[in-house]
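Every value quoted in this text rests on a predicted model; they were computed, and no experiment measured them. Hydrogens, waters and symmetry mates are skipped; everything else that's a heavy atom, side chains included, is used.
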Amino acid sequence: MGISVLKWIGLALALIVSAAGIGLGFWQEVPAQQVIFYGAATFALVVWAWRYYTNRWAEDAVVKAARHEGEGETGEEPSAWNLFLTKNRAAIIGLLVLLAAFGIASITVEGFFSVLNIISLLVLVGLTVFSAVMGKFVVEHKSAFIGLTVLVGLFVVGALKVDGFVSGVNIKSMLLFAAFLGLACVGQTLVALLGGLDLSIPFVIGAANVGLLYIMGLGMPSWLAVIVILLAGAAIGWINGILSYRLQGQALIVTLGVGFAVSGLTQIVTSLGSQFAGNVFGVVPHWLTNIAAMNGTTFGLDFPPVILIWVVVAVVLIVGMKNTVYGRYLYALGGNRTSAARISISERRYWVGMFAISGVMSALTGALLLGWSGGGFIDVGQPYLFMTLAAVVVGGTSLLGGHGGYGFTVIGVLVLQVLTSFLVGLGLSYQWQQFIFGLLILPMVALYARSPHIRSQI
Amino acid sequence: MTKSTGSSASNTFLLVPIILFFALLIVAVLRNQNLLTSAGLGSAVIVATPLILATYALMAQAIAGRGSIDLSIGPLIGFINVTLVQLYGADIISSPVPFFLAAFLLGIAYQLAMGLIIVFVRVQPIIVSLSGYLALSGINLVILERPGGTVPEWMSSWGLGMSVFSPVAVILVLSTLAWVLFSRSAFFGHLRLMGSDERAAYASGVRIGIVRLGAHVISGIYAALAALTYTSLIGSGDPSQGTTYTLIAITALVLGGTSLAGGRGGVVGSLLGAVNIYLIGFVLGTLNFGAVQSFVTDLSYGVILVLSLLLTVVLPRIQNVVRGISPLLLFVALSAVAGGVAIHSTYDYSAPAAPAQSSTAAPAAATGGEAGATVVKTPANLTQFMFEDSGAELGGFGARSTLAGPLTLGAVMLLALVILLRTMVSQVRAKPASLVVSIVAACVVALGVYAVARPSHPVAGGAAAPAQAEQ
């Protein structure tokens, strides 16, 4: 098949698709500028995707022709179509699933088949193709690349589908929640880099949340109370690290146990002598509320300081882990314990240290959440139990250690947060959000974190 | 049995759950004698069975290795629960056979899907189970928005727990036996080999894909059983309560000595671990902390979990010391002690004198750890028993029939203790358990069954019921 024929087929296909889109748009009385803009975008996407694949086919054909000439025989080479199918199996299956889901949704849900949804579908398809294609060139940071692609896709679709998705207020609130999740994920990322897991994070968050209000109620100055809580968080993290150092395979369970104990102990202490077991009442100081609440201001600017805190922490961590000796040693330990030990890196120090940092950051998140909500609540950390894990995994930090970083986690956090915001904007209830979350984590991870087959490990 | 005791050195991880079990049991019996009535045991079985079965379900995957801890076991139980309740509510299924079939189908289908993803997509098991957790706990709320619904009549009677021999107990016993049988199969050997070293298993020709899928199927079957017993326990549908099973079942699994790294785990350990979790809750329930009750429970779960994990670290160091102690012998010896305490707590001291000193002697002897001391004490106690036995005829209101039980039991227990301590000392090099030990173990079990089988009387034949009547 000549290349020119393919090219014309592609152009025709793109024309048909975008014409259909435009026709539907006018039929549904969407503003004309939008229709034209989307039509052009659709056309460009289809042409671009088509062009890429025809080039690939052509290359394959050329390569095959060369091979045929070299071998001088007509072997039973698989046809170009079969080769294409086998090479892009995952992407094709993904596309088919997407199309099937769209078809099912159009048939079952009333009013689903609209021009906006078709455009959303095309954007998603385009991004899937884009990430499948470009993913082959991006070897080093594939997860970050896919995460960013998904982020862009979600953002575009969200802006199309949800009114006010790109408004300042919504972005501010997304960043605010992302900041909480991001701060809670700092410890999880660092610990995961060493090959451990910290499940005590939600319990420490809850305990710090309640404990801070309690000790402020005892009359301690609020700045001192925050420092005390952070130190207590560090102590809990330190205990986690010490206890789990010898039980590294079971860090998950050790931290879970410590978390249970901490949460129980805090509640016992705070509810002794109180009628309302588990509830602490008190007044949150104004400066803490300002830091974390939606209407807070940073140096007169109209966004809560917690976002700034998160950005600073993220920059420090990303730069620090790349450029300081501590950061490099951390990766060295996660990658290979034995060789790290050979160059005198103390495994115990790093292991315990990372857990201590995790404790501090969890306590900080708990304290900030107190400022956000204005009341102590022990279960405030519960959503973070698996969300921190999900953010780390979606971002692409390996749970086996040695690969990843906080930059990846930031992407993971943003993806999860934008996805949540999008689903909320669609009017989906909490349970559907969680269901979709669960279903989405798996394919995202499968795109980049597949372990090799056992036969290649021997 | 002899086979398993032969390798007692590798079974030392069972020592911790056994000791913990009896410590908790003794405290529980001392705090609340109702545990030892037929109704008390019955309700204990009803409450503990879902947890035990969930722990078995976790165990199948944990043995398979690769760090598979099925975080989604709790939501899966909830999922089967709400689906069954909704199916029953829609009049689609109502009789037992379709009910069970539906549960098995759901459990196996879900676990098989997970297994297929793990085997063919090759994503880390914990990530698969994490996304299963999120997806299932979301869909549960979609299926059944808030707790409600009913179960069929034949099932609602299961949850009463008036007698030990309820259908739930039958399910528990059968599934435990099934696991014991399963652990004798070649498949189980392959499973363990794969769990401890997947590459070696692959290189030696084990079809690891099939074995892993098999482990998931078994896990699904046990999850379905756990869901069925859970449904009978709460007698309705609850979309979110099942989720709590994830954390406590993992705790129970670890308490039972199963290695989360794979390759090690046994039904006895998991059973004990789950029962320990139940007993912790029970003991704490009797202590009555008032408003902070649930917090104290949290605290104790956490502390005990961490401590038992730390014990597994220390265990190899004291292995030289404990190598001579076979878990089976320890179990039987401690059960004799616990039996003594049971008599002590249920016996009515005020009515016919006080013959129950024997029971205080039993723990004393055990803690002393000397066979000699017991031998000296035993005759005295025994004569006291005999004496009281004959004198009790004068005691009126048929005291003889109520006393005969505890007296015989106590005597046999003491005898068993003596023999066992002797055997434990002599069998320092862990040899297969001798015939005597097996006979004694069988006697203890038979006595226990005998005592439990009389629903009208308290277990161990103690005089708790008359005592309560008097008060």
Region of B:Leu307 that comes under 4.5 Å of a non-hydrogen atom in chain A: neither
Gap between atom CD1 of A:Ile253 and atom CG of B:Leu305 - 0.5 Å precision: 6.5 Å
Residue, of B:Val296, B:Ile250, B:Ile304, that accumulates the most heavy atom pairs under 4.5 Å with chain A: B:Val296
Toward chain B, the part of A:Ile436 with a non-hydrogen atom under 4.5 Å: neither
Straight-line distance of A:Phe260 CZ to B:Thr251 OG1, nearest 0.5 Å: 5.5 Å
Between CG on residue B:Asn140 and CD on residue A:Gln434, distance to nearest 0.5 Å: 9.5 Å
Which portion of B:Val254 sits near chain A, non-hydrogen atoms under 4.5 angstrom: side chain
Rounded distance [0.5 Å steps], OG in B:Ser137 versus CZ in A:Phe435: 10.5 Å
CD on A:Gln431 to CG on B:Leu144, rounded to 0.5 Å: 11.0 Å
Contacting region of B:Ile117 [heavy-atom separation from chain A under 4.5 Å]: side chain
Region of A:Leu252 in contact with chain B, defined by heavy-atom distances below 4.5 Å: side chain
Beyond-backbone contact of A:Leu442 with B:Val121, side-chain heavy atoms, under 4.5 angstrom: no
Nearest-0.5 Å distance that lies between atom CD1 in B:Ile127 and atom CG in A:Leu399: 5.0 Å
